[in-house]
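Below is one structure, written out as structure tokens, with a few remarks after it.
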Amino acid sequence: MTSLTGAIPPSRAQSREWKAILVLILLIPVLWSPLILFRFVLYQPFNIPSGSMAPTLMVGDYVFAAKYAYGYGRYSIPFAPSWIAGRVLAADPEYGDIVVFRTAKDNSVDYVKRVVGLPGDRVQMRQGRLVLNDRPVTRVALHSEPAGSTCGADEDAKAKRWRETLPNGASYVTNDCVDDGYLDTTAVLTVPPGHFFVLGDNRDNSTDSRMSRFGFVPMDNLIGKVTRIFWSLDEDGEPRLERLGKVR
């Protein structure tokens with residue numbers, strides 16, 4: 001018979017098991033407290049550190065992302081182990097949704113972009129215009145406005161603005177900082193199953209699915225849907241109360 005010199009006596013092992021169970025029982029009210037439920041199950045707050053989603057989201061905006069919108073997976077569950085795959089209560093995003101996610105090539109950074117392509121869609125940029133399944137997306141020119149830092153170093157620059165409307169009626173405003181920009185014309189990109197295609201609203205200053213190092217985003221990498229701006233501060237730390245509310 002093989003003896004285990006380091007074996008724990010049965011009485012001690014049972015004592016540890018009961019202590020672990022007791023701790024879990026005591027933690028239940030904490031885990032399901034309103035604050036924890038709100039933060040880890042329903043909504044997660046994020047702050048916007050860059051201008052890639054301008055003018056919809058600006059540097060200094062603080063937003064809530066609804067975690068329940070697309071179900072729960074590896075990146076939306078706190079402290080989830082890396083072997084978790086798929087989503088519970090899964091739902092796919094719709095055209096125009098602003099989503100928080102992680103990319104397949106960098107799962108250490110949270111990104112926020114707008115969904116413009118779903119599985120099977122053919123997406124292309126032609127001279128700055130979004131083309132979806134061989135049809136240019138409807139857009140209407142708006143008045144140019146001062147771009148500030150969202151168009152680069154020249155804070156006196158003005159950005160062309162377009163109101164873009166996707167096939168499902170989702171409508172939003174995009175920035176167009178320069179004509180014939182680096183990503184204004186692309187090849188046709190077909191979204192594979194289980195993935196989606198994202199763009200930043202600030203089209204000339206956004207790292208997004210147009211770039212091979214970013215690519216299509218797996219559905220399982222979704223964290224949540226941005227629903228509203230709950231706080232906003234300008235560069236001087238002053239509140240921008242006019243920015244509070246729902247996002248489009």
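We use all heavy atoms of the structure for the numbers below, so side chains are in, but hydrogens, waters and symmetry mates are not. This one's a predicted model, so the numbers in the text were calculated from it and none came from an experiment.
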Exercise. Hey, are D97 and K113 close enough for a salt bridge, meaning a charged N less than 4.0 Å from a carboxylate O?
Worked result: no
Exercise. Among pairs that include at least one residue of residues 173-217, which meet disulfide bond (SG atoms under 2.5 Å apart), considering only residues two or more places apart or in two chains?
Worked result: C151-C177
Exercise. Just wondering, do V191 and V123 contact through their side chains at under 4.5 Å, heavy atoms?
Worked result: yes
Exercise. Rounded to the nearest 0.5 Å, how far apart are CG of L130 and CH2 of W162?
Worked result: 13.0 Å
Problem set entry | Working for side-chain hydrogen bond (donor to acceptor under 3.5 Å, both in side chains), residues N202 and S52 | CA-CA 5 Å; N202 192 13; S52 69; over 6 Å; no
Problem set entry | Minimal non-hydrogen separation, R87 against L222, with atom names | NH1-CD1, 3.8 Å
Problem set entry | Partners passing side-chain contact (heavy atoms from CB on, under 4.5 Å) against V88 (at least two apart in sequence or in another chain) | none
Exercise. According to a 4.5 Å side-chain heavy-atom criterion applied to Ile, Leu, Val, Met, Phe, Trp and Tyr, with indirect links allowed, do M219 and V116 form part of one hydrophobic cluster?
Worked result: yes
For this session: Rounded to the nearest 0.5 Å, what's the gap from CG on N175 to CG on D204? Could you check?
Result: 8.5 Å
For this session: Give a yes or no on whether Y95 and V188 share a hydrophobic cluster (residues Ile, Leu, Val, Met, Phe, Trp, Tyr; joining criterion: side-chain heavy atoms under 4.5 Å apart).
Result: no
Problem set entry | Pairwise side chain to side chain donor-acceptor pair (under 3.5 Å) hits with a residue in residues 216-228, at least two apart | none
For this session: Taking atom CD of Q127 as the centre, report whether more than 12 heavy atoms of other residues, nucleotides or ligands fall under 6.0 Å from it.
Result: no
Exercise. Are Y111 and F197 in one and the same hydrophobic cluster, where Ile, Leu, Val, Met, Phe, Trp and Tyr link if side-chain heavy atoms are under 4.5 Å apart?
Worked result: yes
Exercise. Where do G120 and N133 come nearest, in terms of heavy atoms and distance?
Worked result: O-OD1, 4.3 Å
Exercise. Run the side-chain hydrogen bond (donor to acceptor under 3.5 Å, both in side chains) check on S108 and R102 step by step: do they pass?
Worked result: CA-CA 7 Å; S108 64; R102 300 197 183 168; over 6 Å; no
Problem set entry | Linked, directly or transitively: L57 and L241 (ILVMFWY side chains, under 4.5 Å) | yes
Exercise. How many angstroms lie between atom CG of L42 and atom OH of Y68, to the nearest 0.5 angstrom?
Worked result: 7.0 Å
Seminar exercise, completed: Heavy-atom closest pair (G194 atom, P119 atom, distance to 0.1 Å) is N-CG, 4.0 Å
For this session: Any chance you could lay out the side-chain contact (heavy atoms from CB on, under 4.5 Å) test for F216 and L189, step after step, and finish with the verdict?
Result: CA-CA 9 Å; F216 305 109; L189 303 169; 4.0 Å; yes
Problem set entry | side-chain contact (heavy atoms from CB on, under 4.5 Å) assessment of T150 paired with M58 | CA-CA 8 Å; T150 60; M58 305 291 290; 4.0 Å; yes
Exercise. Hey, mind stepping through R126 and D184 against salt bridge (Lys or Arg N to Asp or Glu O under 4.0 Å) and telling me if it holds?
Worked result: CA-CA 6 Å; R126 295 180 191 167; D184 276 356; over 6 Å; no
Exercise. Hey, do the aromatic rings of F46 and F64 have their centres closer than 6.0 Å?
Worked result: no
For this session: Kindly give the heavy-atom pair with the smallest separation between V226 and V100, and that separation in Å.
Result: CG2-CG2, 3.7 Å
Exercise. Does the side chain of V115 come within less than 4.5 Å of E94's, by heavy atoms?
Worked result: no
Exercise. Should the heavy atoms of other residues, nucleotides or ligands under 6.0 Å from CG of D106 be counted, would the total exceed 12?
Worked result: yes
For this session: Look at R203 together with D176 and state whether they make a salt bridge at an N to O cut-off of under 4.0 Å.
Result: no
For this session: May I have all residue pairs that pass disulfide bond (SG atoms under 2.5 Å apart) and include part of residues 115-150, sequence neighbours excluded?
Result: none
Seminar exercise, completed: Residue set satisfying side-chain contact (heavy atoms from CB on, under 4.5 Å) with R129, at least two apart, ordered chain then number -> P136, R139
Exercise. Under 4.5 Å between any side-chain heavy atoms of R122 and D134, yes or no?
Worked result: yes
Exercise. Is any side-chain heavy atom of S171 less than 4.5 Å from a side-chain heavy atom of R163?
Worked result: yes
Seminar exercise, completed: CE (M53) and CG (N205) are apart, to the nearest 0.5 Å, by 13.5 Å
Exercise. Can we say K160 and D179 salt-bridge, meaning some charged N sits less than 4.0 Å from an Asp/Glu carboxylate O?
Worked result: yes
Exercise. So do the side chains of I229 and W231 get within less than 4.5 Å of each other, counting heavy atoms only?
Worked result: no
Exercise. What is the minimum heavy-atom distance between S232 and L244, and which atoms define it?
Worked result: N-CD2, 3.8 Å
For this session: Report yes or no: do Y70 and Y75 belong to one cluster of Ile/Leu/Val/Met/Phe/Trp/Tyr joined by side chain heavy-atom distances under 4.5 Å?
Result: no
Exercise. Run the side-chain contact (heavy atoms from CB on, under 4.5 Å) check on Y172 and V247 step by step: do they pass?
Worked result: CA-CA 9 Å; Y172 48 88; V247 298; over 6 Å; no
Seminar exercise, completed: Joining Ile, Leu, Val, Met, Phe, Trp and Tyr whenever any side-chain heavy atoms lie under 4.5 Å apart, the cluster holding L142 also takes in V173
Problem set entry | E145/R161 salt bridge by N-O under 4.0 Å criterion | yes
For this session: For the pair D92 and L118, evaluate side-chain contact (heavy atoms from CB on, under 4.5 Å) and give the outcome as yes or no after the intermediate values.
Result: CA-CA 9 Å; D92 292 344; L118 298 174; 5.8 Å; no
Exercise. What distance do L183 atom CG and M125 atom CE have between them, rounded to the nearest 0.5 Å?
Worked result: 8.5 Å
Exercise. Quick check: are there more than 12 heavy atoms from other residues, nucleotides or ligands sitting under 6.0 Å from NZ of K105?
Worked result: yes
Exercise. Is a donor on one side and an acceptor on the other found under 3.5 Å between the side chain of D208 and the backbone of R210?
Worked result: yes
For this session: Report yes if some heavy atom in the side chain of I223 is under 4.5 Å from a heavy atom in the side chain of Q44; otherwise report no.
Result: yes
